[in-house]
Amino acid sequence: MISHSEKETYEFAKNMAKNAKAGQVYCLSGGLGAGKTVFAKGFAAGLGIDVPVTSPTFTIINEYIGELPLYHFDVWRVTDPDEMYYTGFEDYFYGGGVCLVEWAELVRVVIPDFAIWIKINNVGENTREIEVENGHFGV
Ligand SMILES: Nc1ncnc2c1ncn2[C@@H]1O[C@H](COP(=O)(O)OP(=O)(O)O)[C@@H](O)[C@H]1O
Ligand SMILES: [Mg+2]
């Protein structure tokens with residue numbers, strides 16, 4: 001889809017979250033300023049989370065309690081995918097909540113095959129192309 005505004009990306013993510021099921025892993029890829037965190041905020045809203053959602057760049061994982069638990073990752077600071085083992089990510093990826101991973105392409109070796117990939121391309125000041133693919137990273 002083409003998003004023409006931050007709000008449109010937020011609403012798209014919010015609707016997607018309404019169909020989220022326990023155990024799903026959503027991977028967000030796209031450069032700095034693409035709108036991954038905007039997407040995460042909308043996604044959290046769709047799960048009924050009404051506390052402010054901020055990017056966990058320094059903490060790597062933030063946990064939120066919604067209709068399902070949401071584990072929001074930002075792995076931008078992870079320089080080696082092996083560092084992911086210190087986060088205990090397996091308990092989250094293979095647990096009972098929903099995971100949303102910003103910068104997932106940096107740690108794709110640890111991303112499960114069943115993950116849903118959301119690729120956000122910055123194609124203009126307020127325009128973003130959002131592609132959704134199930135199960136693989138198709139580039
Ligand atoms: N269509 C759009 N969708 C999402 N963000 C947009 C859009 N147009 C402009 N923006 C702006 O782009 C920025 C995205 O920031 P952010 O979500 O923090 O990016 P990321 O987490 O990918 O680094 C915000 O300042 C937002 O207002
Ligand atoms: Mg971000």
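In this text, all values refer to a predicted model and were calculated from it rather than measured experimentally. Both counts, for ligands and for their atoms, begin at 1 and track the order of listing.
- Between Val25 and Pro112 the shortest heavy-atom distance is CG2-CG, 4.3 Å.
- Within ligand 1, counting atoms from 1 as listed, the ones closer than 4.0 Å to a heavy atom of Ser5 are 1 (N), 2 (C), 3 (N), 7 (C).
- Residue Glu102 touches ligand 1 through its side chain alone, judged by heavy-atom distances below 4.0 Å.
- Under 2.8 Å from the Mg ion (ligand 2) lies no N/O/S atom of Ser55, from backbone or side chain alike.
- Nearest protein heavy-atom contact of atom 25 (O) of ligand 1 is Glu6 OE1, 4.6 Å.
- In this structure, the protein non-hydrogen atom closest to atom 17 (O) of ligand 1 is Val38 N, 2.9 Å.
- Checking side-chain atoms of Asn121 against main-chain N and O of Val123 turns up no donor-acceptor pair under 3.5 Å.
- When hydrogens are left out, the protein atom nearest atom 8 (N) of ligand 1 is Asn126 CA, 3.3 Å; that is the closest non-hydrogen contact.
- None of Phe114, Tyr85, Phe73 except one satisfies the ring-ring contact (aromatic ring centres under 6.0 Å, His included) rule with Phe93; the exception is Phe73.
- Counting atoms of ligand 1 from 1 in the listed order, those under 4.0 Å from a heavy atom of Gly31 are 22 (O).
- For atom 4 (C) of ligand 1, the closest heavy atom belonging to the protein is Thr9 OG1, 3.5 Å.
- For atom 18 (O) of ligand 1, the closest non-hydrogen atom of the protein is Thr37 CB, 3.7 Å.
- No hydrogens or angles considered: a donor-acceptor pair under 3.5 Å links the side chains of Asn122 and Arg128.
- Annotation for ligand 1: atoms under 4.0 Å from non-hydrogen atoms of Glu125 are 8 (N), 9 (C).
- For ligand 1, the atoms sitting less than 4.0 Å from at least one non-hydrogen atom of Leu32 are 23 (O), numbered in the order shown with element in parentheses.
- Shown here are the side chain to side chain contact (heavy atoms under 4.5 Å, CB included) partners of Thr57, two or more places apart in sequence or in another chain: Ser55, Asp74, Trp76, Arg77.
- Residues Val101 and Val75 form a side-chain contact, since some pair of their non-hydrogen atoms from C-beta on lies under 4.5 Å apart.
- Within the 4.0 Å cut-off (strictly below), a protein heavy atom is located near atom 1 (N) of ligand 1.
- The backbone N or O of Gly31 lies less than 3.5 Å from a partner atom in the side chain of Lys36, making a donor-acceptor pair.
- For the pair Gly30 and ligand 1, the shortest N or O to N or O distance does not fall below 3.5 Å.
- In this structure, Lys41 contributes its side chain and Val53 its backbone to a donor-acceptor pair below 3.5 Å.
- Surrounding NZ of Lys7 are at most 12 heavy atoms belonging to other residues, nucleotides or ligands under 6.0 Å away.
- Nearest protein heavy-atom neighbour of atom 19 (O) of ligand 1: Gly35 N, 3.2 Å.
- Residue, atom and distance of the protein heavy atom nearest to atom 10 (N) of ligand 1 are Arg128 NH2, 3.3 Å.
- Of all protein heavy atoms, the one lying nearest to atom 23 (O) of ligand 1 is Gly33 N, 2.8 Å.
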